[in-house]
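Have a look at the structure below, then the notes.
The residues of the chain are indexed from 1 along the displayed sequence. The basis for the numbers below is simple: all heavy atoms, side chains too, and nothing from hydrogens, waters or symmetry mates.
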Amino acid sequence: MRVVIAEDAALFREGLARLLEDAGHEVVGRAADAEAFVDVVRRTRPDIVVVDIEMPPHLGHDGARAASRLREDYPDLAVLLLSAHVETQHSVELMRSGRFGYLLKDRVLDVEDFLDALRRVGSGGSALDPEVVTRLLGPRTSEDPLSTLTPREWDVLSLIAEGRTNRGIARRLWLTERTVETHVASIIAKLGLADDHEHNRRVLAVLAYLQSRVTPPRR
């Protein structure tokens, strides 16, 4: 894939570029601040961007804000946020259109896991750190349809939010793929997500999960 890296820490940026190139990806641009990030994406039109949330010039959420702006101009642009912090204002909006990942730097412990997440996001999927998912959950009520999910269905839905396939979920939970398919079908039915051939129901289920006001049931 053709990749742009937006990261103000020079050593981290160059190290990440080397890692991606060694894995066979083409790093077509690097940026150390949000304005340069927008400019290099418009010039190079990459397949995916790897973005730190906090960047110059203001060291606020400039990276996430720039990624959100670019997604409006280029809806097919895959976005992988890679940060030490959890940001909620722009990330839920980015999540809506898919091709989105959000990993925490200090929780990426395996290079292959990171490259796998990059591939999933670049191919149209998602990759969310479990802590990010938890932080994106707000205050909850008992009126949400998610309140009807069983503990195992919550497990399956949280792994869908991480971008796992049915096979990956089965491996993680020690289930058969057929059992996972049954849980996914049940989740979709409980959430009332009709098959209209225009929307990805797994993404819609994840959005419902992120916007839920329901507390997962106790085991």
Side-chain angles (χ1 to χ4, degrees), residues 1 23 25 47-48 50 76 78-83 86 88 91-138 140 144-219:
M1 287 185 293
H25 301 293
D47 302 308
I48 185 169
V50 181
D76 292 334
V79 175
L80 176 58
L81 299 181
L82 182 60
S83 178
V86 177
T88 60
S91 53
V92 170
E93 288 302 316
L94 287 166
M95 181 77 194
R96 288 182 185 280
S97 50
R99 295 178 181 272
F100 175 66
Y102 195 157
L103 303 178
L104 298 179
K105 288 179 178 176
D106 60 354
R107 289 170 57 91
V108 177
L109 304 179
D110 186 277
V111 169
E112 288 304 318
D113 283 349
F114 171 74
L115 293 174
D116 180 58
L118 184 84
R119 285 190 288 268
R120 291 204 306 273
V121 174
S123 61
S126 61
L128 297 177
D129 184 281
E131 184 172 326
V132 171
V133 173
T134 300
R135 293 282 298 277
L136 290 179
L137 292 172
R140 301 157 181 166
D144 196 301
L146 285 170
S147 63
T148 62
L149 300 190
T150 67
R152 178 57 82 192
E153 288 167 347
W154 272 99
D155 292 338
V156 171
L157 185 52
S158 66
L159 290 170
I160 292 175
E162 291 179 27
R164 304 288 175 184
T165 63
N166 285 356
R167 176 176 297 182
I169 294 170
R171 188 179 302 117
R172 180 67 66 87
L173 297 179
W174 298 90
L175 301 173
T176 65
E177 283 190 60
R178 184 62 177 272
T179 300
V180 173
E181 290 172 3
T182 300
H183 285 310
V184 172
S186 178
I187 292 167
I188 288 173
K190 288 181 177 179
L191 298 183
L193 302 175
D195 184 8
D196 59 7
H197 304 292
E198 294 184 359
H199 299 90
N200 186 320
R201 290 188 294 174
R202 291 174 75 97
V203 172
L204 293 178
V206 170
L207 284 172
Y209 177 64
L210 295 177
Q211 296 170 343
S212 169
R213 298 295 183 267
V214 178
T215 303
R218 294 180 181 275
R219 294 177 181 279

Practice prompt. Go through the steps for V180 and L173 under the test side-chain contact (heavy atoms from CB on, under 4.5 Å), then give the verdict.
Written response: CA-CA 9 Å; V180 173; L173 297 179; 5.7 Å; no

Practice prompt. Show your reasoning for whether side-chain contact (heavy atoms from CB on, under 4.5 Å) applies to I187 and L149.
Written response: CA-CA 7 Å; I187 292 167; L149 300 190; 4.3 Å; yes

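Between H183 and I169, every side-chain heavy-atom pair lies at or beyond the 4.5 Å cut-off. With contacts defined as side-chain heavy-atom distances shorter than 4.5 Å, the pair R152/L175 qualifies. Residues V79 and R99 are not in side-chain contact: their nearest non-hydrogen atoms beyond the backbone lie 4.5 Å or more apart. Using a 4.5 Å cut-off on side-chain heavy atoms (C-beta onward), L80 and L103 make contact. Side chains of L115 and R119 form a contact here, defined as non-hydrogen atoms less than 4.5 Å apart.
The minimum heavy-atom distance linking L82 with K105 is given by the pair O-CE, 3.5 Å. Taking all atoms of both residues into account, the shortest heavy-atom contact from E112 to D110 is N-OD1, 2.9 Å. Of all the heavy atoms in A127 and A117, the pair that sits closest is CB-CB, 3.7 Å. When all heavy atoms are compared, the tightest approach of M1 to L118 is CE-O, 3.6 Å.
Atom CZ of F114 and atom CG of L109 lie 13.0 Å apart (nearest 0.5 Å). Atom CG in L104 sits 10.0 Å away from atom CG in L81 (nearest 0.5 Å). Atom OG of S158 and atom CG of L128 lie 11.0 Å apart (nearest 0.5 Å). We find the CG-CG distance between D76 and D47 to be 10.0 Å, quoted to the nearest 0.5 Å. N166 CG to R178 CZ: the interatomic distance, rounded to the nearest 0.5 Å, is 12.0 Å. Note that CD of E153 is 11.0 Å distant from CD1 of I188, once rounded to the nearest 0.5 Å.
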